[in-house]
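Naming: A, B, ... by sequence-line order, numbering from 1 per chain.
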Amino acid sequence: MSQQRKILVTSALPYVNGSPHMGHLVEYLQTDIWVRFQKLRGHDCIYVCASDAHGTPIMLKAREMGITPEALTEGYSAEFANDFRDFGIEFDNYHTTHSPENEALVTEIFEALRKKGDIYTRTIEQAYDEKERMFLPDRFVRGTCPFCKTEDQYGDACENCSKTYTPADLIDPVSVISGTAPVMRESEHYFFKLSEYGDRLRAWMTDATLDKNVVAKLNEWFDAGLQDWDISRDAPYFGFRIPGTDDKYFYVWLDAPVGYMASFMNLCGRRKDLDFDAYWRPGSDVEVYHFIGKDIMYFHTLFWPAVLGGAGFRTPTSVFAHGFLTVNGQKMSKSRGTFIKARTYLDNLDPSFLRYYYAAKLGPTIEDIDLNLEDFIARVNSDLVGKLINIASRCAGFINKRFDGRLADRLPDENLFADFQGAADSIALLYERREYSKAMRSIMALADKANRYIDEHKPWVMIKDADRIADVQLVCTQGLNMFRSLIIYLSPVIPAVAASARRFLNEERWQWQDATSPLLAATLPRFEPLLTRVEPDQVTRMIEQSQESQPVPDTTADDDTISIDDFMNVDLRIARIEKAESVEGADKLLALTLDVGGSTRQVFAGIKAAYDPESLPGRHVVVVANLAPRKMRFGVSEGMVLAAGPGGEDIFLLSPDDGARAGMRVK
RNA sequence: GGUGAUGUAGCUCAGAUGGUCAGAGCGGCGGACUCAUAACCCGCAGGUCGGUGGUUCAAUUCCACCCAUCACCA
């Protein structure tokens with residue numbers, strides 16, 4: 001192997017205003033596989049990431065929920081960290097952009113750019129919400145498209161005719177926050193002189209050996225001409241305040257990529273062998289790679305290298321962009337149940353399956369990949385269990401039972417094993433180039449070869465012939481060694497399965513090159529199944545649990561108990577009844593208007609026979625807050641009020657003790 | 001609207017500077033086997049390579065236009 005490389009790898013920072021889902025995982029699994037591969041090859045590879053915690057959407061969501069942005073982002077960050085861990089994504093550090101390291105670095109970069117003359121201010125006009133007293137990003141203004149007249153479109157582009165414009169062009173614009181009409185107001189913004197970085201960016205683009213699609217996109221932007229970049233936002237904003245101002249903040253996209261550096265700096269605080277400057281200053285001998293989605297290429301291939309270079313830092317070695325995830329050929333959809341959260345997957349399926357499936361479909365390009373659930377079941381069962389694990393399973397029995405777990409001291413077919421050894425370099429090259437789908441294909445072709453070998457030598461026939469019993473040990477030793485090489489090649493993709501296999505083979509640790517030298521004369525423990533097949537039911541259940549418009553299916557049929565997680569899926573809240581009125585035409589229903597802490601919603605409850613509407617306002621009840629809204633003849637019911645009793649006049653609403661307030665979670 | 005990418009057997013995907021380039025895996029069908037997590041092995045697939053024109057002796061592979069899907073437009 002060539003000499004040891006020093007590599008720093010990042011995945012894009014997840015924006016923590018929601019839970020991680022299957023789409024997120026494409027990127028983190030792609031990156032994790034690459035990092036694990038580099039480590040297996042003996043390289044010094046560090047993988048850092050962080051939560052992207054700033055910006056308007058997070059600020060507003062926190063406000064809506066009545067909590068601080070810090071609390072909001074910490075909650076989601078914990079979810080991301082847990083889900084990443086459970087999918088076997090192994091960061092060397094996971095940090096946040098809302099950190100002292102990041103603030104220090106952003107400030108340093110800003111000051112360096114300003115000193116250099118790359119920062120200036122200019123007054124711009126922007127939509128302003130007078131009621132909320134804040135400037136509105138384009139996405140927070142909606143109105144009628146000035147071109148095709150479609151109503152309720154975003155302030156930057158029309159979803160119907162896909163023309164672009166500014167919020168000022170909209171007919172009857174409305175702030176999505178207050179519902180009032182925004183006005184145009186002037187504000188002073190800070191700009192970064194990106195326009196002066198064209199030559200340096202073109203040079204960087206050549207050095208970085210980017211994917212041809214990325215280059216095409218970059219050229220498109222160069223041809224259009226680089227515009228200076230607006231890097232400030234006005235208060236109120238959740239982010240870092242610009243030094244020397246009272247009400248100006250750094251735009252989230254300025255501080256987000258700096259979060260890569262901040263996370264690494266934070267790691268340096270724990271790992272004294274790491275020197276921040278050796279990684280991030282010009283002349284560094286470290287390779288730095290950013291894995292990103294194709295939607296954020298702009299920020300990583302233009303702004304980011306320019307900002308780094310301008311502020312006196314090294315630029316990334318390269319940027320690797322991937323495509324998006326579709327499920328069953330379509331965009332993920334909550335109503336179809338294909339908007340699958342990472343946690344929902346984990347509740348039903350083994351993460352190794354998804355890791356393998358994504359690897360089997362991923363290449364180095366920005367093409368989208370499809371998670372086809374039928375294909376998923378067939379693929380992982382056939383490849384992983386039927387072909388790969390099966391090799392070990394069919395050989396291990398003989399070795400365990402007939403040879404006391406003892407492998408032979410030689411291979412009967414060195415030539416065949418040479419095929420497996422010889423594949424090491426080509427498979428490694430495929431991993432290096434992120435050609436995972438091709439790597440998986442060549443590994444599975446070898447697995448077919450191994451199964452064919454066992455089929456041809458028929459150990460189950462030989463075992464009945466006293467003269468040929470020794471040959472059975474040889475054939476199975478050959479088989480298990482072929483399995484061993486393959487599982488080493490696959491270990492970046494399915495590390496958990498590989499670890500079990502390694503324990504079965506009684507070895508301490510593996511490096512890539514171990515795949516090329518056979519394991520002989522070793523004693524093995526009893527073989528245990530390394531992976532069990534996916535049952536279609538598991539996938540069905542996962543979809544059902546992801547389907548928002550459907551009630552959660554009754555799983556008590558096969559199991560009387562539920563897990564704490566199942567229970568926590570039910571969002572029970574204290575609600576205060578604001579209003580209760582009879583529903584015309586319905587003899588059992590009352591229409592309740594509930595305050596669930598900051599927001600109100602309408603719920604229909606079948607309690608008319610037991611309660612007088614006049615007596616209800618003011619009292620507190622318990623409501624299922626995350627029940628999918630249900631359209632009824634009289635309107636939409638957005639939840640369910642809990643009550644006990646058989647019905648009719650015998651219905652008893654649940655009430656909390658004094659002190660409970662609307663919006664409190666019940667658990 | 002502009003720009004880029006994608007569109008190949010039921011499904012997921014390979015493929016070539018234009019001429020054995022019409023392929024693999026899965027599914028399906030037939031057979032064999034019984035060591036193995038009903039796994040594995042052998043055989044069978046006739047899909048106008050999104051559509052329409054054009055260039056050429058020859059195009060799925062080049063060009064133009066059109067349609068569909070995805071992304072970006074700071």
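- Taking atom CG of Leu210(A) as the reference point, atom P of G4(B) lies 18 Å away to the nearest angstrom.
- The NZ atom of Lys294(A) sits 10 Å away from the P atom of U6(B) (whole-angstrom rounding).
- Only the P atoms considered, C26(B) is 39 Å distant from G4(B), to the nearest whole Å.
- When the nucleotides A36(B), C70(B), G25(B) are ranked by their closest atom to the side chain of Lys401(A), A36(B) comes out on top.
- Using a 4.0 Å heavy-atom cutoff across all strands shown, Gln227(A) reaches at least one base atom of the nucleic acid.
- A salt bridge does not link Arg122(A) to Asp230(A): none of the charged side-chain nitrogens sits closer than 4.0 Å to a carboxylate oxygen.
- Of all nucleotides listed (U12(B), C35(B), U6(B)), U12(B) comes nearest to the side chain of Asp375(A).
- Counting any heavy atom pair closer than 4.0 Å across all strands shown, Leu302(A) reaches no nucleic acid atom.
- Gly386(A) comes within 4.0 angstrom of sugar-phosphate atoms only, judged by non-hydrogen atoms across all strands, and of no base.
- A distance of 6.0 Å or more separates the ring centres of Phe87(A) and Tyr28(A).
- Distances shown here put a side-chain N or O of Arg533(A) below 4.0 Å from the OP1 or OP2 atom of A39(B).
- Distance OH (Tyr298(A)) to C1' (C72(B)): 10 Å, rounded to an integer number of Å.
- For the P atoms, the distance from U60(B) to A71(B) is 31 Å, rounded to whole Å.
- Following rounding to the nearest Å, Lys438(A) (NZ) and G25(B) (P) show an atom-to-atom distance of 17 Å.
- One atom, CG of Asp295(A), and another, P of C72(B), lie 5 Å apart when rounded to the nearest Å.
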So Asp413(A) and Tyr453(A), side-chain hydrogen bond (donor to acceptor under 3.5 Å, both in side chains) or not? Walk me through it. CA-CA 10 Å; Asp413(A) 193 338; Tyr453(A) 168 84; 5.5 Å; no
Carefully, step by step, assess Lys361(A) and Asp370(A) under the rule salt bridge (Lys or Arg N to Asp or Glu O under 4.0 Å). CA-CA 8 Å; Lys361(A) 308 202 94 170; Asp370(A) 185 42; 5.0 Å; no
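- Residue whose closest nucleotide on RNA chain B sits further toward the 5' end, between Gly329(A) and Trp221(A): Gly329(A).
- Atom CD1 in Ile296(A) sits roughly 22 Å away from atom P in G4(B) (whole-Å rounding).
- Heavy-atom distances under 4.0 Å link RNA chain B to Asp448(A), Asn451(A), Arg452(A), Asp455(A), Trp460(A) of residues 443-463 of chain A, given in residue order.
- Within the 6.0 Å centre-distance limit, the rings of Phe291(A) and Trp34(A) are counted as a close aromatic pair.
- Within the nucleic acid shown, Ile389(A) comes within 4.0 Å of at least one base atom, counting heavy atoms only.
- Between C73(B) and U55(B), the two P atoms lie 41 Å apart (nearest whole Å).
- Across all strands shown, Gly479(A) has no heavy atoms under 4.0 Å from either base or sugar-phosphate atoms.
- Note: CE (Met440(A)) to C1' (A24(B)) measures 16 Å, nearest angstrom.
- The aromatic rings of Phe192(A) and Tyr197(A) sit tilted, their planes meeting at an angle between 30° and 60°.
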Please report the C-alpha distance between Phe376(A) and Leu349(A) in whole Å, then the side-chain angles of each, then the deciding distance to 0.1 Å, and finally whether the side-chain contact (heavy atoms from CB on, under 4.5 Å) criterion is met. CA-CA 12 Å; Phe376(A) 169 80; Leu349(A) 292 158; 4.1 Å; yes
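- Geometric assessment of Arg142(A) against the ring of Tyr154(A) yields a positive cation-pi assignment under the 6.0 Å and 45° thresholds.
- Across the interface with RNA chain B, nearest-nucleotide mapping of Asp156(A) and Asp368(A) shows Asp368(A) to be the residue nearer the 5′ end.
- Comparing the same atom, P, in A14(B) and in G7(B) gives a spacing of 8 Å after rounding to whole Å.
- Between the side chains of Arg394(A) and Asn451(A), a donor-acceptor pair is found at a separation under 3.5 Å.
- Comparing the C1' positions of U8(B) and U48(B) gives an interatomic distance of 12 Å, to the nearest angstrom.
- Using atom P as the reference point in both G50(B) and C33(B), the two lie 43 Å apart (nearest Å).
- For His322(A) and Tyr358(A), the ring centers sit 6.0 Å or farther from each other.
- Going from atom CG of Asp370(A) over to atom P of A5(B) covers 21 Å, rounded to whole Å.
- Spacing of C1' atoms, G31(B) relative to C70(B), comes out at 44 Å, to the nearest Å.
- Comparing the same atom, C1', in C42(B) and in A32(B) gives a spacing of 7 Å after rounding to whole Å.
- In RNA chain B, consecutive stretches of 3 or more Watson-Crick or G-U wobble pairs with both distances under 3.5 Å are given as paired ranges: B:1-7 with B:67-73, B:10-13 with B:23-26, B:28-31 with B:41-44, B:50-54 with B:62-66.
- For Lys387(A), no side-chain nitrogen or oxygen approaches OP1 or OP2 of C40(B) to under 4.0 Å.
- Among Thr301(A), Thr10(A), Thr31(A), the one residue that satisfies the side-chain hydrogen bond (donor to acceptor under 3.5 Å, both in side chains) test with His290(A) is Thr10(A).
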